[in-house]
Amino acid sequence: MHTQAAKVVVVVYIAAISVSAFGNLHGVSSVWPIVAAVALISAGVIALIAAPGDPLPRSTTLALSSIGPVASVLVLWVLPVPMATPLQGWTHGASTTVLCFMCVRGRRVPPWLSLFAMIAIYGAWGAWTGSTFVGEAAKVVIDATPLAMATILSFTLRPTAKAVFTLRTRSERQIEEQSALASAVAERTEQRNRLDRLARPLLTRIASDVPLTVHERISCELLEAHLRDHLRAPALSTPLVDEAALHARRRGVEVIMIDDGGLDEADPTVVDRVRSQVATVLTSAESGAVRVRILPPGRETVASVYVEDSLSRRISIDANGVDTFST
């Protein structure tokens, strides 16, 4: 009932009741009650498919149950006696459609009370206008047949629909779990291949009986630091930062990077700003130490860069990507 097709049906239905209402104005003493009744039932049909929750909320149920009786009073008040055509009593049929779908949406008793109220209203109108109570009430009593069918159908349709929706939700959850598992497997495979590509040549060299050269020892230290950065600061593990950190360590700068998750939910522009600032600091560092920390989520400052060389200073980057320098 929340699909696009349901919306199309609602539009067609509103057009149908409008034709029934405005195409049978012979002898009507005033048009505005007809307009009000059409607007009232149209609003009810729209609310029927737009209202959230299952079953329908109590307030929506009360409003929809009152539509039929109120619309009947509005229209019967201005109709000729006797009716020029049976279609002038369109309100009870149009309202019964709403009542039937109220049953489908889990409300079974209020629609019957609304139908009984319309029977009483039409019967009272017949007795007051010189017709018979039974004759006019009988025109509405026939609406009990579709309402009874809708009531019975709701006892079979709703459990089936609930089972279908449960299975659909379960299937979607299973697909999500499988997708997450596949992503995790792909990530582990990528990390394993990356580690194999970076570490295997040096591990093979270490496994040999030939002592390592000074250059090879330095390469091992740099690789260990790079792998440590990738594990401890994954948000900063980008080619730009990795390259800057590598060259900084080769110049003798001590580089320590820690990621506590503050960039996980941050705006992409802020993430780019932090990475760019870290890379700039690492590129300009000639000695001393550079310590970078991504702070935990929920703080005003998302990253802190502490530079210790001839002049110690701290660079803080807030959640808006604004830099603050302090010494």
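Atom set for the values below is all heavy atoms of this structure, side chains included, hydrogens, waters and symmetry mates excluded.
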**Student:** Do NZ/NE/NH1/NH2 and the carboxylate oxygens of R313 and D309 come within less than 4.0 Å?
**Tutor:** yes

**Student:** Side chains of W112 and T151: is there a donor and an acceptor less than 3.5 Å apart?
**Tutor:** yes

**Student:** Just grab all the ring-ring contact (aromatic ring centres under 6.0 Å, His included) pairs involving residues 6-28, residues at least two apart or on different chains.
**Tutor:** none

**Student:** Under the side-chain hydrogen bond (donor to acceptor under 3.5 Å, both in side chains) rule, what pairs show up with a residue in residues 174-183, not counting sequence neighbours?
**Tutor:** none

**Student:** Only counting residues at least two apart or in another chain, list the ones meeting side chain to side chain donor-acceptor pair (under 3.5 Å) with E308.
**Tutor:** R291

**Student:** Listed by chain and number, what are the salt bridge (Lys or Arg N to Asp or Glu O under 4.0 Å) partners of R108, not counting sequence neighbours?
**Tutor:** none

**Student:** List in chain and number order the residues that pass side chain to side chain donor-acceptor pair (under 3.5 Å) with R273, two or more places apart in sequence or in another chain; answer none if no residue qualifies.
**Tutor:** D323

**Student:** Only counting residues at least two apart or in another chain, list the ones meeting side-chain contact (heavy atoms from CB on, under 4.5 Å) with D54.
**Tutor:** R158

**Student:** I'd like to check the side-chain contact (heavy atoms from CB on, under 4.5 Å) partners of T169; sequence neighbours left out, ordered by chain and number.
**Tutor:** R173

**Student:** Begin from the C-alpha positions of R228 and E224 and carry the test salt bridge (Lys or Arg N to Asp or Glu O under 4.0 Å) through to its verdict.
**Tutor:** CA-CA 6 Å; R228 184 175 64 246; E224 184 273 336; 2.7 Å; yes

**Student:** With sequence neighbours left out, write down each residue that passes side-chain contact (heavy atoms from CB on, under 4.5 Å) with I218, or none if nothing qualifies.
**Tutor:** V214, L222

**Student:** Who passes side-chain contact (heavy atoms from CB on, under 4.5 Å) against V281, sequence neighbours left out?
**Tutor:** Q277, V290, V305, V307, I315

**Student:** Mind checking side chain to side chain donor-acceptor pair (under 3.5 Å) for E243 and listing every partner two or more places apart, or none if nothing turns up?
**Tutor:** H247

**Student:** Do R275 and T238 have a side chain donor and acceptor closer than 3.5 Å?
**Tutor:** no

**Student:** Any pair with a residue in residues 36-92 that passes ring-ring contact (aromatic ring centres under 6.0 Å, His included), sequence neighbours left out, goes on the list, sorted by first then second residue, please.
**Tutor:** W32-W77, H92-Y122

**Student:** Applying side chain to side chain donor-acceptor pair (under 3.5 Å), name anything that partners S304, two or more places apart in sequence or on another chain.
**Tutor:** R314

